[in-house]
There are 2 protein chains.
Amino acid sequence: MTNRRDARTADRILDAAERLVQTRGFNAFSYADVSKAVGIQKASLHHHFATKTDLGLALVARYRRGFLEALRSIEAGSGEAVERLARYVELYGSVLRQKRMCMCGMLAADVATLPKAMRQSVASFFAENEAWLARVLDEGKLRGEIRFDGSAVSMADFFVSSLEGAMLVARGSGKLEHFDAVGRHLLAGVRGARARPRRRPG
Amino acid sequence: MTNRRDARTADRILDAAERLVQTRGFNAFSYADVSKAVGIQKASLHHHFATKTDLGLALVARYRRGFLEALRSIEAGSGEAVERLARYVELYGSVLRQKRMCMCGMLAADVATLPKAMRQSVASFFAENEAWLARVLDEGKLRGEIRFDGSAVSMADFFVSSLEGAMLVARGSGKLEHFDAVGRHLLAGVRGARARPRRRPG
DNA sequence: GTCTATAGGCAGATAGAC
DNA sequence: GTCTATCTGCCTATAGAC
């Protein structure tokens, strides 16, 4: 039902809205902002996304798909758990370098004001995310590539919390470089036993 | 210039606005919301805080004072570093149990839309916070009460990031209990060497 | 210090022409 | 699919009486 031109416009709307949500939050951007960014009238936006809730749901759905795809591509690479985790950390780092917050981290802050369906989709993002991480952590531990105490699931939660928080605090404190320090700390924590840096492999 | 009654009203306004900011964010509450909560007309609010920016600045200033006071009271207690850190974690936990986000964590999400003066005050919150934590970590390490790799400052950043993120993700995923798991993980990480739980002290 | 009334602007959303 | 025009409601903020 949507021809090529329509699909392209919808995507451009999603691109603009995504950037706005990730930098300003769901309540701090308007159809007027998207209108300016895309070069289309406000009313026309409603043709593609009838309500702001519809737009929000489409944004989160697309973001989740994109994130899952990125996770799959991480698994397509090296099988070493530490490398996979490093690429996972970099997934967040690349978002921050665009001066954006993780979309679902941002929406987590806005959660009290979101339509219920959006809240559920945001919760699913975290669930999917943590499930993938827990699997990678578990496999890595079984292969002896990484070490950690407690369950893989709780370690996965810890990773996600620390990375989301590192993005948040980096933005709030104005020191984006702090994200990388947190990322390195997180990886060091699973790499060896309380790693003092080693000159050469064990 | 402000009599007792005035001061009390200003405090009640700050209390209501604080709750709203911590649950909804700075852009998602209005003078109308505060008006309802306090039981005073919207226009009267402007007598106490002429603009929303003024209100926001007063909120962050008060929050910073309160937080620093809480930090001082933590230092008044036991000198054991682990206990101080546990009480520090609990400072965040008690906020989350009220279904609130750390005010400055919330404002960190809103940072792109905040007046510059508010942004600076939010950045100062994180700086003060991390300076205090770094001192506690440093002293604890010197006394041999805790262990960690890297500088006290980077460990302090890691603590703050993880705790802010744990609050954010707990709210976003709807699983408030995940905060406590992160808090425990953080404390376990400094308590001993890759601590398997010990039955009795060393 | 608090009130009523209102200004002026922007929000999300709709109607209907093209 | 995009446009112009418009609606209704809420926003921050101000004026001025009491």
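All values below were derived from every heavy atom in this structure, side-chain atoms included, with hydrogens, water molecules and symmetry-related copies excluded. Convention: sequence-line order gives letters A, B, ...; per-chain numbering from 1.
Between the C1' atom of D/dG1 and the CZ atom of A/R12 lies a distance of 13 Å, rounded to the nearest Å. At whole-Å resolution of the value, CG in A/N27 and C1' in C/dA11 are 12 Å apart. Between A/L45 atom CG and D/dT4 atom C1' there is a gap of 15 Å when expressed in whole angstrom units. Following rounding to the nearest Å, B/I40 (CD1) and C/dG1 (P) show an atom-to-atom distance of 10 Å.
The salt bridge (charged side-chain N to carboxylate O under 4.0 Å, His left out) test applied to A/R97 returns A/E90, not counting sequence neighbours. Considering only residues two or more places apart in sequence or on other chains, B/R87 meets the salt bridge (charged side-chain N to carboxylate O under 4.0 Å, His left out) condition with B/E83.
Looking at A/I146 and A/V82, their side chains come closer than 4.5 Å, going by heavy atoms from C-beta outward.
Between B/K175 and B/E177 there is no salt bridge, since no side-chain N of the basic residue sits under 4.0 Å from a carboxylate O of the acidic one.
Phosphate contact (OP1/OP2 of D/dT2, side-chain N/O of A/T9, threshold under 4.0 Å): present. Contact between the side-chain N/O atoms of A/S44 and the OP1/OP2 oxygens of D/dC3 is found at a separation under 4.0 Å. Between B/H47 and C/dT2, a side-chain N or O to OP1/OP2 separation shorter than 4.0 Å is absent.
For residues 50-66 of chain B, the pairs satisfying salt bridge (Lys or Arg N to Asp or Glu O under 4.0 Å) are B/D15-B/R62, B/E18-B/R62, B/R64-B/E128, with sequence neighbours left out. Annotation: salt bridge (Lys or Arg N to Asp or Glu O under 4.0 Å) contacts involving residues 107-119 of chain A, sequence neighbours excluded, are absent.
Within residues 111-120 of chain A, no residue is approached by DNA chain C to less than 4.0 Å at the level of any non-hydrogen atom.
Taking the centre of each ring, B/F67 and B/F125 come in below the 6.0 Å mark.
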Please encode protein proximity along nucleotides 12-18 of chain C as a string of B, S and -, counting only heavy-atom distances under 4.0 Å. BBBB---

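Counting heavy-atom neighbours within 6.0 Å of A/Q98 CD, excluding the residue itself, gives a total above 12.
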